[in-house]
Chemist: 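Quick one: this structure, given as structure tokens, is what I'll be asking you about.
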Amino acid sequence: MTWTLPEPMLTDAVRSPAVPASSAAEPKWDGFRAALSVDGGQVVLRSRRGTQMAPAFPEVVAGAAQLPDATALDGELIVWDAGGRLAFEQLQNRLHRRGPAALQAAAQQPAHFVAFDVLRLAGTTTLAWPYRRRRAALEELFREHQLTAPWALCPSTTDPDTVREWLTSWTVVGLEGVVFKRLDSPYRPSTDVTLFSSPG
């Protein structure tokens, strides 16, 4: 039986960029929220609203061969433009392409999957694990399997100076803000994380 992806965790807006106590921060990317699972050779790439996106992003489907079987990730699909900025419009333009058109777009405007959570790992469901344990498992997944494009590991920090650096330097490439996650929180399909949006 194919494992069913859970509904995504969602964000609640906050007004302060200060890292809450016992929390970690991650950049908020300007892309498509996506969940991916690979199970018995079958790859599912689903949007936040449940849209199946695999036919539009063949390079991500092909990249799933790098992952151990029975693994699922939560993340963001992004595309960079020639100037090194996040290109949301290019990403949108790819969404409805199929077949040869999708393959051509993948070659010209390759998408990356920025992974920020692991939902299942080699057959073990990780939803009940606290964030700090899931994060450690995600980092180990990237190290052990030496994941390369289309995979990218989302940064995570508890350091306020790093968050300030993201919000001052990274906004020029299209960073939308920062997401805060409680270190002891399991993965709950609901509003369970907070978001500070960059001004402008």
Side-chain angles (χ1 to χ4, degrees), residues 5-6 8-9 11 19 23-38 43-48 53-54 57 59-80 84-88 91 106 109-122 124-127 129-167 169-171 173-183 185-187 192-196 198:
L5 284 164
M9 293 174 69
T11 58
V19 181
S23 296
E26 299 173 351
K28 171 65 177 75
W29 306 92
D30 187 14
F32 287 150
R33 178 73 177 276
L36 178 139
S37 70
V38 54
V43 178
V44 174
L45 181 64
R46 191 187 74 184
S47 75
R48 192 182 82 176
M53 299 190 292
F57 297 97
E59 73 274 39
V60 178
V61 173
Q66 298 181 44
L67 302 174
D69 191 35
T71 291
L73 302 174
D74 190 5
E76 193 95 1
L77 279 175
I78 63 170
V79 166
W80 298 100
R85 285 184 55 85
L86 293 169
F88 186 74
L91 190 65
Q109 304 164 341
H112 293 80
F113 187 103
V114 182
F116 49 67
D117 219 326
V118 58
L119 313 178
R120 192 183 189 213
L121 185 58
T124 299
T125 299
T126 60
L127 304 178
W129 294 2
Y131 169 82
R132 59 164 57 89
R133 183 180 176 190
R134 299 197 313 277
R135 177 68 196 188
L138 182 63
E139 293 176 358
E140 178 60 25
L141 174 68
F142 270 76
R143 281 194 301 269
E144 181 179 348
H145 292 272
Q146 300 181 348
L147 300 184
T148 58
W151 309 110
L153 177 63
C154 184
S156 175
T157 188
T158 58
D159 177 31
D161 290 337
T162 300
V163 172
R164 282 191 288 271
E165 173 69 15
W166 292 345
L167 292 172
S169 300
W170 289 26
T171 51
V173 302
L175 182 72
E176 291 189 321
V178 289
V179 173
F180 301 117
K181 298 180 177 179
R182 295 196 305 274
L183 294 172
S185 178
Y187 191 99
D192 203 49
V193 293
T194 53
L195 167 67
F196 173 79
S198 300

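The model shown is predicted, which means the values in this text are computed figures rather than measured ones.
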Chemist: Is there a donor-acceptor contact under 3.5 Å from the side chain of Thr157 to the main chain of Asp159?
Modeler: yes
Chemist: Do the side chains of Tyr187 and Pro8 get nearer than 4.5 Å, heavy atoms only?
Modeler: yes
Chemist: One pair to check against side chain to side chain contact (heavy atoms under 4.5 Å, CB included): Asp69 and Val38. What are the steps and the verdict?
Modeler: CA-CA 6 Å; Asp69 191 35; Val38 54; 4.2 Å; yes
Chemist: Before giving the answer on side chain to side chain contact (heavy atoms under 4.5 Å, CB included), spell out for Leu91 and Ile78 the whole-Å C-alpha distance, their side-chain angles and the decisive distance to 0.1 Å.
Modeler: CA-CA 7 Å; Leu91 190 65; Ile78 63 170; 5.5 Å; no
Chemist: Spell out, as yes or no, whether a donor-acceptor pair under 3.5 Å connects the side chain of Thr126 to the backbone of Arg134.
Modeler: no
Chemist: Would you say the side chain of Pro186 lies within less than 4.5 Å of the side chain of Arg133, judging by non-hydrogen atoms?
Modeler: no
Chemist: Decide yes or no for Val19 and Val178: does some side-chain heavy atom of the first lie under 4.5 Å from some side-chain heavy atom of the second?
Modeler: no
Chemist: Would you check if Pro27 and Pro155 make a side-chain contact, meaning some heavy-atom pair closer than 4.5 Å?
Modeler: yes
Chemist: Would you check if Leu153 and Glu139 make a side-chain contact, meaning some heavy-atom pair closer than 4.5 Å?
Modeler: yes
Chemist: Quick one: does Leu138's side chain get under 4.5 Å of Leu121's, heavy atoms only?
Modeler: no
Chemist: Looking at side-chain heavy atoms only, is the closest gap between Val114 and Trp151 below 4.5 Å?
Modeler: no
Chemist: For Thr148, does its backbone N or O pair with a side-chain atom of Gln66 as donor and acceptor, under 3.5 Å?
Modeler: yes
Chemist: Quick check: do Val173 and Trp80 have side-chain heavy atoms less than 4.5 Å from each other?
Modeler: yes
Chemist: Hey, does the side chain of Thr71 reach the backbone of Ala122 with a donor-acceptor pair shorter than 3.5 angstrom?
Modeler: yes
